[in-house]
Amino acid sequence: MALDENGVSEIEWERLYNPDNSIFLSGRKLMSEVNSIIFLVVCTNIFFVIRFFYQHYVLKPIALSFNMRKSYTARFLENGWYTLYYISFFLIGSYVYSQENWSIFPTMNIWLGWPTQPFSTLFRTYYLIELSFYVHCTIALFFETRRKDFNQMLTHHVATFFLVGCSYWYRYHRIGIAILWIHNIADIFLYSAKALNYISKEIKNKTLHIVCDGLFVMFAVSFFVTRLIFFPFTLIKSSLTEAYYVSVEFPLFYPTNVALLTLLILHMFWFFLIARIIYIKLFKSKDFDDIRSDSDEDEEVKPTQKGLEAEPTRTNKNNNNSNNNNNKLTQTKVSKVAQKKNN
């Protein structure tokens with residue numbers, strides 16, 4: 001379906017004059033997005049290809065140069081890849097937003113003009129690539145190091161994919177780019193701190209250790225500001241209170257806001273973990289560590305090691321019992337022999 005000079009299709013113009021949201025679920029809408037769906041699938045596969053080459057031909061040689069242990073290498077490769085992505089797409093998202101002729105403040109700008117808000121080729125391409133990344137993340141989660149918060153991360157990726165996908169399909173792309181942008185900021189500090197932390201553990205470099213701690217602090221501050229202040233009090237508030245001013249028949253009003261609140265609950269859960277780490281650092285003089293560093297594999301190893309350590313203890317007890325029994329038998333035999341001699 002042809003787009004006008006602002007990237008708006010006939011379907012969006014038709015919806016503007018006819019408040020019937022079923023047009024977004026029509027065969028016409030599906031056919032108009034076939035190229036976008038193909039592009040999404042291709043980009044998802046390209047992410048896996050780029051990830052493979054970057055991890056094996058850039059990050060892995062770095063890990064080997066530090067003689068990084070195998071258990072650290074896998075995590076270093078994962079975190080190094082995500083660091084590259086979040087830095088790149090934070091910068092790309094910033095550039096895309098700078099090319100727009102609207103501002104997020106006042107927040108009514110997010111909704112004014114819907115559903116015929118301009119959607120440039122640059123904006124559309126960026127949006128689909130971000131969407132394909134979350135498809136890639138959801139699939140990759142099943143093959144990465146399994147961690148304690150696997151279910152929370154899976155929920156996060158599914159909710160994010162739902163929000164980004166629906167915002168693209170229904171043309172809520174202005175709030176979509178704001179959500180993507182604020183999420184990318186904190187993750188830059190998180191994944192770079194985690195990647196450098198594995199190097200720091202190997203080389204025991206004090207300067208690098210301080211850098212890791214500094215990045216963790218920047219992550220905690222940016223996470224709190226963007227996800228626990230700006231996200232709920234600006235974006236969720238706008239979605240809950242201002243969307244209806246634009247259209248009382250706003251499509252997917254309740255599902256999208258439920259997904260936004262789900263993300264907020266996950267952010268609160270993760271910030272609790274962050275606060276706990278900061279407390280341990282400040283009051284128990286322990287190092288900052290990865291808030292998701294404990295994998296299920298680690299949890300399986302620890303009980304096994306305890307079991308192995310406990311086994312010799314049980315064996316020693318058995319040996320002691322055997323020795324005691326043997327001593328008692330020996331003493332009994334000696335006493336019997338002595339009695340015979342006396343008789």
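D149 places no side-chain N or O within 3.5 Å of a backbone atom of M153 that could act as its donor or acceptor partner. Without hydrogens or angle criteria, Q117 side chain to I110 main chain gives a donor-acceptor distance under 3.5 Å. Side chain of H173 to backbone of P118: a donor-acceptor contact under 3.5 angstrom is found. For the pair S94 (side chain) and F90 (backbone), a donor-acceptor distance under 3.5 Å is present. Remark: the backbone N or O of R69 is paired with a side-chain donor or acceptor of E202 at under 3.5 angstrom. Using a distance-only test at 3.5 Å, with no hydrogens or angles considered, a donor-acceptor pair links the side chain of N205 to the main chain of L208. In this structure, the side chain of Q99 does not engage the main chain of V96 through any donor-acceptor pair within 3.5 Å. Using a distance-only test at 3.5 Å, with no hydrogens or angles considered, no donor-acceptor pair links the side chain of S239 to the main chain of I236. A distance-only check finds a donor-acceptor pair linking the side chain of S167 to the backbone of V164 [under 3.5 Å]. Side-chain atoms of K29 come within 3.5 Å of backbone atoms of W169 as a donor-acceptor pair (strictly under, hydrogens ignored).
By the 30° and 60° cut-offs, the orientation of the rings of F223 relative to H267 is perpendicular. Using the six-membered ring where Trp is involved, F142 and F150 have ring planes that are perpendicular, over 60° apart on the 30 and 60° scheme. Between F47 and Y85, the ring planes lie perpendicular to each other; the angle is over 60°, past the 30° to 60° tilted range. The aromatic rings of F119 and F123 sit perpendicular, their planes meeting at an angle over 60°, well past the 30° parallel limit. Ring geometry, F52 versus Y57: the interplanar angle exceeds 60°, so the pair is classed perpendicular (tilted spans 30 to 60°). Note: Y198 and Y72 have tilted aromatic rings, judged against thresholds of 30 and 60 degrees for the angle between ring planes.
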Should W102 and Y97 be marked as a ring pair (Phe, Tyr, Trp, His ring centres under 6.0 Å) after you check the CA-CA gap, both sets of side-chain angles, and the distance that decides it? CA-CA 9 Å; W102 57 277; Y97 176 72; 5.5 Å; yes
Candidate pair F161 and Y134, rule ring pair (Phe, Tyr, Trp, His ring centres under 6.0 Å), full reasoning: CA-CA 6 Å; F161 174 76; Y134 280 99; 8.7 Å; no
Criterion side-chain contact (heavy atoms from CB on, under 4.5 Å) on N18 and I23, from CA distance to verdict: CA-CA 9 Å; N18 180 19; I23 194 170; over 6 Å; no
Trace of the side-chain hydrogen bond (donor to acceptor under 3.5 Å, both in side chains) decision for Q152 with T155: CA-CA 5 Å; Q152 290 90 338; T155 303; over 6 Å; no
Determine whether F224 and F271 satisfy the following criterion, ring pair (Phe, Tyr, Trp, His ring centres under 6.0 Å), listing intermediate values before the conclusion. CA-CA 7 Å; F224 180 78; F271 192 75; 5.3 Å; yes
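For the pair R227 and D187, the salt-bridge criterion is met [side-chain N within less than 4.0 Å of a carboxylate O]. Salt-bridge formation is detected for the pair R51/E144: a Lys NZ or Arg NE/NH1/NH2 atom is positioned less than 4.0 Å from an Asp or Glu carboxylate oxygen. In summary, E14 and R28 engage in a salt bridge, as defined by a charged side-chain N under 4.0 Å from a carboxylate O.
A distance of 12.0 Å separates CG in L180 from CD1 in I92, rounded to the nearest 0.5 Å. Distance check, rounded to the nearest 0.5 Å: CG of L141 to NE2 of H136 gives 10.5 Å. A distance of 10.5 Å separates CD1 in I277 from CZ in F272, rounded to the nearest 0.5 Å.
Defined by atom type and a distance below 3.5 Å, a donor-acceptor pair is missing between the side-chain atoms of N109 and R174. Side-chain contact of W111 with S238: a donor-acceptor pair under 3.5 Å is present, judged by distance alone. In this model, a donor atom of one side chain and an acceptor atom of the other lie less than 3.5 Å apart for E130 and N184. Of the N and O atoms on the side chains of T145 and E78, at least one donor lies less than 3.5 Å from an acceptor on the other residue. Side-chain polar atoms of S36 and E33 form a donor-acceptor pair below 3.5 angstrom.
Under the 4.5 Å side-chain heavy-atom criterion for Ile, Leu, Val, Met, Phe, Trp and Tyr, I139 and F162 are members of distinct hydrophobic clusters.
Ring centroids of F189 and F219 are separated by 6.0 Å or more, keeping the two rings apart. A centroid separation of 6.0 Å or more is found between the aromatic rings of H183 and Y86.
Relative to the six-membered ring of Y168, R171 meets both conditions, a distance below 6.0 Å and an angle of at most 45° to the axis.
Counting heavy atoms from C-beta outward, T107 and T234 have side chains that approach closer than 4.5 Å. By the 4.5 Å heavy-atom criterion applied to side chains, W81 and V58 are not counted as neighbours.
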